[in-house]
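A quick write-up on the structure given underneath.
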There are 2 protein chains.
Amino acid sequence: MLSMNPAQSKVEDTALSTKKRILNAAEHLFVEKGFAATSLRAISSLAEVNLSATHYHFGSKEGLFAAVIHRRVHPVNASRVKALETLTQGVNVLSVDEIITAFLSPFSGELPTALPRLMARVHGEPPALVRPLLQEEFGQVMNLFLKHLAIALPALGERELRWRFHFMIGAMMQLLNGGNPLEVEPDESTFSEGLEKLKLFVIAGFKAPTASMDLSREKKV
Amino acid sequence: MLSMNPAQSKVEDTALSTKKRILNAAEHLFVEKGFAATSLRAISSLAEVNLSATHYHFGSKEGLFAAVIHRRVHPVNASRVKALETLTQGVNVLSVDEIITAFLSPFSGELPTALPRLMARVHGEPPALVRPLLQEEFGQVMNLFLKHLAIALPALGERELRWRFHFMIGAMMQLLNGGNPLEVEPDESTFSEGLEKLKLFVIAGFKAPTASMDLSREKKV
DNA sequence: GTCTATATTGGGATAGAC
DNA sequence: GTCTATCCCAATATAGAC
């Protein structure tokens, strides 16, 4: 909520359309309390719109949830694909570092502060609620990144690569979730510090040697 | 739910005490649908106990939630501390590999199948609901592991170490969550495969070089 | 497209008999 | 310690006037 236009500082900003006010209020409450614990009444109250407007514009609570997510996720995919396309100008093989940087590009620089936490919150919802949504929203772009990573890391099998991608998502969510391990109030500088640390962590994870023996029996490093 | 005693195969197993039947049913539903979307009525119905019994034994829905978590988390902490103590017999400095293996020891071998997914589900609940609980349940043991890691990785600053520990938690949750990146039905062998991959990933992450320059400007590896 | 009013269902919690 | 019955409130969704 730093460096925000005063006209947008209130979630319910009455200068916006009814639809956008609902989306803003819903996003805020879904992030704070989760989907199930957020009522349409609380949303329409915060947005200062009539309760029925939510059904008119979005059909149902789940429809509203999907719309809230789509509004933020669409730019995320666009940013990732664009970053990747910029890198592939005239080059065939990208490095792991470049691919990861492209994948995390939506979180560099200025961003709507709701985005990271919304993504983390959606990721944390029960799979029964969000699995189809996540596949729909992220599936294609995820496969694109897996394709590039498979080329950058030819020694890794497809299974190993997919596991490591899976773990990267989890590590990333820890950053996006807004918490931090330093027990300080999170702010923009903490976030960008975490982003930098995250890159080092997951790049090393991707480049880890594959297991050919039980590591627990090895001598210490 | 593999290799389970038939007498325990039903969540509501009427041979158990009322309290345990409630805990089992609540655990099952919290894992599947999350805290907010699970009603006490659904729990008492599945457990085949009276609705009022939940309030008698646990005081409130949140009290029941805390009890469900505590029952599983207590052995997790015990397993981690014991694994660490076994390793420190006569030795002062543990390797990263040993420390991570100890941290993940609760998930090796046979385990109650509800444990991993319960932990992932709790992790995914809104922070407002679970942050105090997580601190209470995991705080001490987490600090113990941070202490050992600080010794094993003296080149890492405290901040960097805490960030990496943070990311490890996220990667681990991806495994515990029960999903897998292979688009196959999860089973025990998938889980132990993932556990092995997870170790390689996070150990490499902990051992990653610290950033002294912008990696994106480096040449490819 | 927005309002009021309401249908319908389900929620957590409690009182008090047994 | 377990039951029935109930309080009181909140939920999603819809009907229909304007």
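Just so we're on the same page: letters track the sequence lines, and every chain starts at 1.
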Exercise for the section: For dG11(C), take OP1 and OP2 only and decide whether either is under 4.0 Å from a side-chain N or O of Ser39(B). Expected result: yes

Report, one pair per line, the protein and nucleotides 16-18 of chain C atoms (nitrogen or oxygen only) whose separation is under 3.5 Å.
none

Practice task
Kindly state whether the ring of Phe145(B) and the ring of Phe165(B) have centres lying under 6.0 angstrom apart.
Solution key: no

Exercise for the section: Take the protein atom NZ of Lys33(A) and the nucleotide atom C1' of dA11(D), then report the distance between them rounded to whole Å. Expected result: 14 Å

Fill in the blank from the handout: Hits for side-chain contact (heavy atoms from CB on, under 4.5 Å) against Arg71(B), two or more places apart or cross-chain, chain-then-number order -> Leu23(B), Asn24(B), Glu27(B)

Completion exercise
Comparing Thr18(B) with Leu51(B), nearest DNA chain D nucleotide closer to 5' gives the residue Thr18(B)

Problem - Side chains of Thr190(A) and Asp187(A) in contact at under 4.5 Å (non-hydrogen atoms) - result: yes

Problem - Results of side chain to side chain donor-acceptor pair (under 3.5 Å) for Arg159(A) - residues two or more places apart only - result: Glu193(B)

Exercise for the section: Check salt bridge (charged side-chain N to carboxylate O under 4.0 Å, His left out) between Glu160(A) and all other residues, then give those that pass, not counting sequence neighbours. Expected result: Arg164(A), Lys197(B)

Handout entry: Protein-nucleotide distance (Leu40(B), atom CG; dG11(C), atom P), rounded to Å
Key = 9 Å

Completion exercise
Asn50(B) atom CG is separated from dA13(C) atom P, nearest whole Å, by 15 Å

Practice task
Please name all residues satisfying salt bridge (charged side-chain N to carboxylate O under 4.0 Å, His left out) with Glu125(A), sequence neighbours left out, ordered by chain then number.
Solution key: Arg121(A)

Handout entry: Sugar-phosphate only, base, or nothing, as touched by Ser44(B) at under 4.0 Å among non-hydrogen atoms
Key = nothing

Exercise for the section: Just jot down the side chain to side chain donor-acceptor pair (under 3.5 Å) partners of Glu62(B), sequence neighbours excluded, or say none. Expected result: none

Exercise for the section: With sequence neighbours excluded, tell me which residues meet side chain to side chain donor-acceptor pair (under 3.5 Å) with Ser105(A). Expected result: Ser79(A)

Fill in the blank from the handout: The side chain to side chain donor-acceptor pair (under 3.5 Å) partners of Thr18(B) (sequence neighbours excluded) come to none

Handout entry: Qualifying side chain to side chain donor-acceptor pair (under 3.5 Å) pairs with a residue from residues 128-150 of chain B, counting only residues at least two apart or across chains
Key = His70(B)-Glu137(B)

Practice task
Please give the angle, rounded to 10 degrees, between the axes at the start and the end of the helix from dG1(C)-dC18(D) to dC18(C)-dG1(D), where five pairs define each axis.
Solution key: 0°

Fill in the blank from the handout: Here the residues of residues 53-63 of chain A within 4.0 Å heavy-atom distance, strictly under, of DNA chain D are His55(A), Ser60(A), Lys61(A)

Practice task
Confirm from the modelled atom types if Arg41(B) and dG11(C) form a donor-acceptor pair under 3.5 Å, side chain to base only.
Solution key: yes

Handout entry: For Glu32(B), salt bridge (charged side-chain N to carboxylate O under 4.0 Å, His left out) partners two or more places apart
Key = Arg117(B)

Exercise for the section: Measure from CZ on Phe35(B) to P on dG12(C) and round the result to the nearest Å. Expected result: 8 Å

